[in-house]
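Structure record follows, encoded as structure tokens.
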Amino acid sequence: DEEPVDPSDELMFLCLGGGNEVGRSCHILQYKGKTVMLDAGMHPAYEGLSALPFYDEFDLSTVDVLLISHFHLDHAASLPYVLSKTNFKGRVFMTHPTRAIYKWLLQDSVRVGNTSSSSEQRTELYTEADHLATFPQIEPIDYYTTHTVSSIRITPYPAGHVLGAAMFLIEIAGLKILFTGDYSREEDRHLISAEVPKNIKIDVLITESTYGIASHIPRLEREAALMKSITSILNRGGRVLMPVFALGRAQELLLILDEYWARHAEFQKIPIYYASNLARKCMVVYQTYVGAMNDNIKRRFRERLAESEAAGDVGRGGPWDLHYVRSLKSLDRFEDVGGCVMLASPGMLQNGVSRELLERWAPDNRNGVIITGYSVEGTMAKQIMTEPESIPAVMTVREGARGRGRTAGGEAEKVMIPRRCTVQEYSFAAHVSGTENREFIEEVAAPVVILVHGEKHNMMRLKSKLLSLNADKQEKVKVYSPANCEELKIPFKTDKTA
Ligand SMILES: [Zn+2]
Ligand SMILES: [Zn+2]
């Protein structure tokens, strides 16, 4: 058993980002001379070059294929940088819906980035032109369809989480690796939830560990609690701010709200806003990809079409034609009077529309902020949950005042805003709970498990839990939780045959 391992029988795994953290996901796999890169994200709590994965630590020119699991910025936003500013020359794959949404989303994030308050100290990582010029290099693929690229076999499976999200099965010289990306297993209103690929013996599982061992409140209870919280803010005359990532989970929340409003006439005079300059464009993408969603939304699709036909309203209808939601392109057109429910991006309140509204509404104790996503360390969304007395103004400081406030070091003087609004959290982030993750890991039954995409403390709790399950096992499962830039070498016996 202790005979020396031939290096050619080792799998090399390296996190360039997303190791013991949530953000800037990027992992490298090397086996038998083949190199696969998983995701190319950015870190939401950092700016400029420091938001990138540690690309300098690896020769990207050796990468054969790059797989992007889903369109979220922590998984996809540094792709234009990889394609336009590094020596990467491999092939890039993502699912059809991911590719469609990625195009608009990145274009928007470049534009927003350039006009945000912090743009002055931001190093521009890539331009809109870089993004558009590199976009055609991305090859779209379908779920359950296998592609072979320089003898690496790749198959995407549905991952739940957001539209188009994929788990990738990767096969190199007979070694089977499953990468979950971000995934969810609970039934939601529009997505197909993740399942273990059938009849495939997985050798290595690379899984997210966002929630560690934490459990989720059951879906129906969570929805009821969310609606109770929203309506009680409205009933006291307040405004509800729900910071959301522009796309993905926002659509699920809009379906929940629209349904509730349809059943409760007393709220129908209170507007629900979806503030995103991408809202309309992306709703078109959502209409287009109904086929990639679950049976619930397909049924809704048929019902809505029948409704609109009966009303002689041809050309309208479809599941994403929401009755009580108004899209809002920018705050210039927003009349801020009376109660409302506002879904605004970005989801972690770093800057932009959601931050501007937070700064405007935080001083009034009738108002409420409701966090529904996963909040990364170092962002305002994480900070606001500690209910601080006051928060720093980044959007509402007037230019002149900011100029005068500069110290010799060039640091802007902080203007603080009192925080009296309520803050509550109900997770609709669509990551597996600790229990769901553990069940999935047990079902996959890979002898090697690598944990990524989790803050260190969450990841360590999950790791100990998984190791404790070894007591009942004949073959002990190896569990790794590598830090960024820490190279793992995992031996595999040569009797693997392709
Ligand atoms: Zn995600
Ligand atoms: Zn993520």
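Only this structure's heavy atoms are used, side chains among them; waters, hydrogens and symmetry mates stay out. For the single chain, residues carry numbers from 1 onward in sequence order. Whatever order the structure lists ligands and atoms in, that order sets their numbers, starting from 1.
If you check the side chains of His453 and His431, you find no donor sitting under 3.5 Å from an acceptor. With 3.5 Å as the limit, one finds no donor-acceptor pair spanning the side chains of His70 and Thr98. Between the side chains of His131 and Gln107, no donor-acceptor pair of N or O atoms lies under 3.5 Å.
Between NE2 of His70 and ND1 of His72, the angle at the Zn ion (ligand 1) works out to 100°, rounded to 10 degrees. Rounding to 10°, one obtains 90° for the angle at the Zn ion (ligand 2) between NE2 (His453) and OD2 (Asp74). Here Asp182 contributes OD2 and His161 contributes NE2, and at the Zn ion (ligand 1) these two atoms make an angle of 90°, given to 10°.
Here Tyr374 and Tyr211 bring their ring centres to under 6.0 angstrom of each other.
Among the atoms of His431, no N, O or S atom is found under 2.8 Å from the Zn ion (ligand 1).
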